> 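Dumping the structure here so I can ask a few things about it.
Note that the structure is predicted; figures quoted are calculated from it, not measured. Both counts, for ligands and for their atoms, begin at 1 and track the order of listing.
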Amino acid sequence: MTSPLPTPDLRAWILTQAEAGTDPREVTAAMLAQGWTEQAAIDAVERTMREHLESHARRHGLPVPVPVPAPIERNGPALLQAGDRQVQVLASLLHPRVIVFGNLLAAEECDALIALARRQIKRSPVFDPDTGQDQQHQARTSEGMFFGRGANPLCARVEARIAALLNWPLENGEGLQVLRYGPGAQYEPHYDYFDPARPGAEVALRRGGQRVASLVIYLNTPTQGGATTFPDAHLEVAPIKGNAVYFSYDRPHPMTGTLHGGAPVVEGEKWVATKWLRERRHD
Ligand code: PD2
Ligand code: ZN
């Protein structure tokens, strides 16, 4: 059954509540008191917000926002059951949308991923937005490799766990990328989405659409340095073995605030596994 459309007055009231920062649960509760069913109220609020964001984006010549994984709610549980593993929510920032997860991988899983990746690792290419090809680049002095999705039982287990944690289809995920940074190696600040204005984006977007979120999993703890930095948020996430930093971007635009980089490793080495989530199936 389709839900009734909100009237212009109701839309205006929903938007006023959103601007005032009212919890959406309070908004739907007030609608229930007016005789709306719960599902119809949720649909009306979501529709109003989506249409408002879309018309705002169009008026300002910005890309239209798309759905992204939303793994946690505000002030929600500190522990999440992500398939076969209990994961901690260590920190959460609303803008840019960044979440730090603890205990995503067991130490043995981190060690095993490093051992599997080590055999195939080479100097990391960077996606070239002009050609759509991967190229060697000074901005990224790490070495890396990609596992195809489900390349081995460990990757398959980790992918299923990530899909459960993020509540995002497993098929929308790229294969895991493993990077190794030696002493002094870094990854200069960049965005993970494909810049649609660059000619190379078309090739990348054909397979699964845009990237909408990233999950950088720390496979070891460097002795010093190697934080993942978010310059716009003045945030540094410390690389701790088994933990992960998640960030989402609902449109390919700097307004998402998701500029991020890998700070130089000062002592020791740093290993990460990055998972990128697409809008659609990435086959
Ligand atoms: O290793 C990191 O901290 C890092 C930083 C920025 C990884 C990536 N980007 C990435 O894999 O895109
Ligand atoms: Zn990145």
Side-chain angles (χ1 to χ4, degrees), residues 68-69 90-91 93 96-102 104-105 110 113-114 117 121-129 134-147 155 158-159 162 166 173-195 198 201 204 208 210-249 252-254 256-278 282:
V68 300
L90 298 180
L93 188 66
R97 188 70 183 113
V98 178
I99 306 169
V100 182
F101 291 113
L104 178 60
L105 261 60
C110 294
L113 265 183
I114 291 176
I121 212 142
K122 59 176 187 323
R123 179 86 186 275
S124 291
V126 170
F127 175 79
D128 184 324
D134 286 334
Q135 312 255 298
Q136 297 297 343
H137 205 285
Q138 272 308 103
R140 185 170 179 182
T141 44
S142 55
E143 306 165 302
M145 54 79 63
F146 271 97
F147 287 112
C155 284
V158 171
E159 285 159 12
I162 293 171
L166 302 181
E174 296 181 31
L176 284 166
Q177 177 198 231
V178 175
L179 297 179
R180 175 193 172 270
Y181 303 74
Q186 63 179 311
Y187 197 172
E188 282 173 9
H190 60 274
Y191 298 96
D192 280 355
Y193 54 73
F194 305 109
D195 181 348
R198 309 290 283 271
Q210 262 297 354
R211 288 179 175 160
V212 291
S214 308
L215 182 73
V216 178
I217 309 169
Y218 304 108
L219 301 181
N220 78 324
T221 306
T223 310
Q224 193 191 328
T228 305
T229 61
F230 293 83
D232 292 348
H234 307 284
L235 176 69
E236 273 187 11
V237 178
I240 302 281
K241 184 172 183 173
N243 289 4
V245 61
Y246 166 84
F247 49 100
S248 61
Y249 23 98
H253 194 277
T256 57
T258 55
L259 184 68
H260 65 288
V265 172
V266 178
E267 196 183 335
E269 58 176 7
K270 172 188 175 191
W271 287 84
V272 299
T274 301
K275 180 81 175 170
W276 286 297
L277 294 313
R278 298 292 191 107
H282 182 262

> First locate atom NZ of Lys275, then atom CD1 of Ile217, and finally report the distance between them rounded to the nearest 0.5 Å.
8.5 Å
> Any idea which heavy atoms bring Gly262 and Gln186 closest together, and the distance?
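Heavy atoms only, the tightest pair is O-CB, 3.3 Å.
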> Keeping the roles fixed (side chain from Arg211, backbone from Trp276), state whether a donor-acceptor pair exists under 3.5 Å.
no
> Which ligand 1 atoms are under 4.0 Å away from a heavy-atom of Tyr181?
1 (O), 2 (C), 4 (C), 7 (C)
> Could you tell me which atoms of ligand 1, counted from 1 in the order shown, lie closer than 4.0 angstrom to a heavy atom of Thr228?
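Atoms satisfying the 4.0 Å criterion: 2 (C), 3 (O).
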> Would you name the N/O/S atom of Asp192 that lies closest to the Zn ion (ligand 2)?
OD1
> Got a second to check how far Leu179's CG is from Ile121's CD1, nearest 0.5 Å?
7.5 Å
> Hey, could you give me the CG/CD1 distance between Leu90 and Ile99, rounded to the nearest 0.5 Å?
11.0 Å
> For ligand 1, which atoms have a heavy atom of Gly262 less than 4.0 angstrom away?
3 (O), 5 (C), 6 (C)
> Determine the interplanar angle of the Tyr249 and Phe247 rings, folded into 0 to 90°, and report it as parallel if under 30°, tilted if 30 to 60°, perpendicular if over 60°.
tilted
> For His190, counting its heavy atoms only, list the atoms of ligand 1 lying under 4.0 Å from any of them.
6 (C), 9 (N), 12 (O)
> In ligand 1, which numbered atoms sit nearer than 4.0 Å to a non-hydrogen atom of His260?
6 (C), 9 (N), 12 (O)
> With carbon and hydrogen excluded and only N/O/S kept, which atom of His190 is nearest the Zn ion (ligand 2)?
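When I compare the N, O and S atoms of His190, NE2 is nearest to the Zn ion (ligand 2).
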> Quick check on contacts: which atoms of ligand 1 are under 4.0 angstrom from a heavy atom of Gly261?
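Within the 4.0 Å cut-off of Gly261, ligand 1 contributes 5 (C), 6 (C).
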> Any N or O on Thr274 sitting closer than 3.5 Å to an N or O of ligand 1?
yes
> Show which atoms of ligand 1 fall inside a sub-4.0 Å distance from at least one heavy-atom site of Gln177.
11 (O)
> Does even one non-hydrogen atom of Ser214 get within less than 4.0 Å of ligand 1?
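Under 4.0 Å: no for Ser214.
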> Roughly how far, to the nearest 0.5 Å, is OG1 of Thr228 from CG of Leu235?
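Taking CG in Leu235 and OG1 in Thr228, the distance rounds to 9.5 Å.
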> Enter the distance from Thr258:OG1 to His190:NE2 here, rounded to the nearest 0.5 Å.
9.0 Å
> Between Tyr218 and ligand 1, find which residue part has any heavy-atom pair under 4.0 Å and reply side chain, backbone, both or neither.
neither
> If you count the atoms of ligand 1 from 1 in the order shown, which ones are under 4.0 Å from a heavy atom of Asp192?
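Matching atoms, with element in brackets: 12 (O).
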> Drop me the distance from Leu105's CG to Lys241's NZ, to the nearest 0.5 angstrom.
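The distance works out to 10.0 Å.
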